[in-house]
Number of protein chains: 2
Amino acid sequence: MRPSRKSSNGTTKSLPPERGPLAAVIGGTELQIAYRMGYVLNFYREPSFRRIEMELGLTRPEIVTLIFLNFREGVTASEICEFSGHLKANISRGIIALEKKKLIRRAADKTDSRRQQLFMTAAGRALYARYIPALRERERAMLACLTRAERNEFERLLDKLAAHVPQWAALDEL
Amino acid sequence: MRPSRKSSNGTTKSLPPERGPLAAVIGGTELQIAYRMGYVLNFYREPSFRRIEMELGLTRPEIVTLIFLNFREGVTASEICEFSGHLKANISRGIIALEKKKLIRRAADKTDSRRQQLFMTAAGRALYARYIPALRERERAMLACLTRAERNEFERLLDKLAAHVPQWAALDEL
DNA sequence: ACCAGAAAGTCTCATATGAGACCATCTCGA
DNA sequence: TCGAGATGGTCTCATATGAGACTTTCTGGT
């Protein structure tokens, strides 16, 4: 499933008495922090992305490609891969599809003809503008329970974690 | 791609001068916090999970099912859905596959014959024991850059976020 | 200047996944 | 007690994805 609007907690009489509420399951796993990050993020991301997929007919790689392009025009497929966590085959497919739909435009990089820089078209920008507000709003809702100070601290810690990713991501092979 | 061991930063002379390092891209997106959570989590989770998928021949739903069962035996498919963020069709398939492999065992719930409680077999526990250490280790590596106090604070904030998920997850339909 | 190896991007193939229909069982109100 | 609707779980079908081969272009060492 995904964010189900129905939780099976509460009155379910068939459960053993020691079965607890949400809190007992959230983080019940060994991987306390990782699990919680996934839990929260799933509820944030999945519904929004699925919605975009269905309503606008975009795949996930296409969605994130537009997000990256909005941030910085001229990026290449590999850069999007690098920071989005999608496989290059999928980003490649997404880019091809986006170009076919006239949402982006490709230009060969003059100094390296293997690369192609990507640019949004007006249509691409317009489509982006249609789905980004919901994502923004949902992020806001997700963070609404934090105080201003907590939010800042959370962001600071995430920054720190993100900055250190390269130090352990290389443990890939281990 | 996924955590690529190669980053295209640094000496790439072909890039415009204002193109920055990692930090300039991470969080460059509008969705500052959500993006960073996804970024960090991807690098944590994807490589490990892919590894498990390939080496042990498990699908993601199967992996998380074992994780949940290790936490609490007797849970049902819906409960795993509820907290894992996987669709019930996939968890169902995973459970069927796990049973076929003798890694779990199913028992009809006596008070509600629609439900089936799930239990690990010895083989299931053994398999779980083979992959969980890497996940634990990787979580540790991910958090290694935080001080003890920061780590605690991060966990506290995540708890708070997780606890409040139900309050905004219902915004699904909006 | 050349060659071995890396990198960018595309393609193919098998598989995992999402959406939603479907069946059986349960719950709750009339 | 009955029937409508909810819920647990399975299934089917189309599609998105992961793995990895492949082509072309670039790089760095000799």
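Throughout, a chain's letter reflects where its sequence line sits, starting with A, and its residues are numbered from 1. This one's a predicted model, so the numbers in the text were calculated from it and none came from an experiment.
Two residues, B:E53 and A:S113, neighbour DNA chain D, and the one matched to the more 5' nucleotide by heavy-atom proximity is B:E53.
Listed for the B:E139 side chain is a donor-acceptor partner under 3.5 Å among the backbone atoms of A:I33.
Electrostatic pairing of A:R72 and A:E79 does not count as a salt bridge here, judged by no charged N lying under 4.0 Å from a carboxylate O. A salt bridge links A:R60 to A:E46: one of the charged nitrogens lies within less than 4.0 Å of a carboxylate oxygen.
Heavy atoms of other residues, nucleotides or ligands lying less than 6.0 angstrom from CZ of B:R136 number more than 12. For CZ of B:R156, the number of neighbouring non-hydrogen atoms (other residues, nucleotides, ligands) closer than 6.0 Å is greater than 12.
Between the CG atom of B:D109 and the C1' atom of C:dT27 there is a distance of 15 Å, given to the nearest Å. Between the CZ atom of B:R50 and the P atom of D:dG20 there is a distance of 11 Å, rounded to whole Å. Atom CD1 in A:I63 sits roughly 13 Å away from atom P in C:dG18 (whole-Å rounding). In this entry the distance linking CD of A:E82 with P of C:dA8 reads 8 Å, nearest Å. As a whole-Å value, the separation of A:F49 CZ from D:dA16 C1' is 15 Å. If you take CD1 of B:I52 and C1' of D:dG18, they are 16 Å apart, rounded to a whole angstrom. As a whole-Å value, the separation of B:E46 CD from C:dT17 C1' is 14 Å. Rounded to whole Å, the distance from CG on B:D112 to C1' on C:dA24 is 11 Å.
Proximity of A:R60 to the phosphate of D:dA16: no side-chain N or O atom is located under 4.0 Å from OP1 or OP2.
Each of D:dT17, C:dT25, D:dC26 was ranked by its minimum atom distance to the side chain of A:T59; first place goes to D:dT17.
For A:Y128, the ring-ring contact (aromatic ring centres under 6.0 Å, His included) partners at least two apart in sequence or on another chain are A:Y131.
When B:T76, B:I80, B:L66 are each tested for a side-chain contact (heavy atoms from CB on, under 4.5 Å) with B:L118, only one passes: B:I80.
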Please produce a list of atom pairs where a protein N or O lies less than 3.5 Å from an N or O of nucleotides 9-13 of chain D.
{"from": "D:dG9", "atom 1": "OP1", "to": "B:Q116", "atom 2": "N", "distance (Å)": "2.8"}
{"from": "D:dG9", "atom 1": "OP2", "to": "B:A77", "atom 2": "N", "distance (Å)": "3.3"}
{"from": "D:dG9", "atom 1": "OP2", "to": "B:S78", "atom 2": "N", "distance (Å)": "2.9"}
{"from": "D:dG9", "atom 1": "OP2", "to": "B:S78", "atom 2": "OG", "distance (Å)": "2.6"}
{"from": "D:dG9", "atom 1": "O3'", "to": "B:Q116", "atom 2": "NE2", "distance (Å)": "2.9"}
{"from": "D:dG9", "atom 1": "N7", "to": "B:K88", "atom 2": "NZ", "distance (Å)": "2.9"}
{"from": "D:dG9", "atom 1": "O6", "to": "B:K88", "atom 2": "NZ", "distance (Å)": "2.9"}
{"from": "D:dT10", "atom 1": "OP1", "to": "B:R106", "atom 2": "NH1", "distance (Å)": "2.4"}
{"from": "D:dT10", "atom 1": "OP1", "to": "B:Q116", "atom 2": "NE2", "distance (Å)": "3.0"}
{"from": "D:dT10", "atom 1": "OP2", "to": "B:S92", "atom 2": "OG", "distance (Å)": "2.7"}
{"from": "D:dT10", "atom 1": "O5'", "to": "B:S92", "atom 2": "OG", "distance (Å)": "3.4"}
{"from": "D:dT12", "atom 1": "O4", "to": "B:R93", "atom 2": "NH1", "distance (Å)": "3.1"}

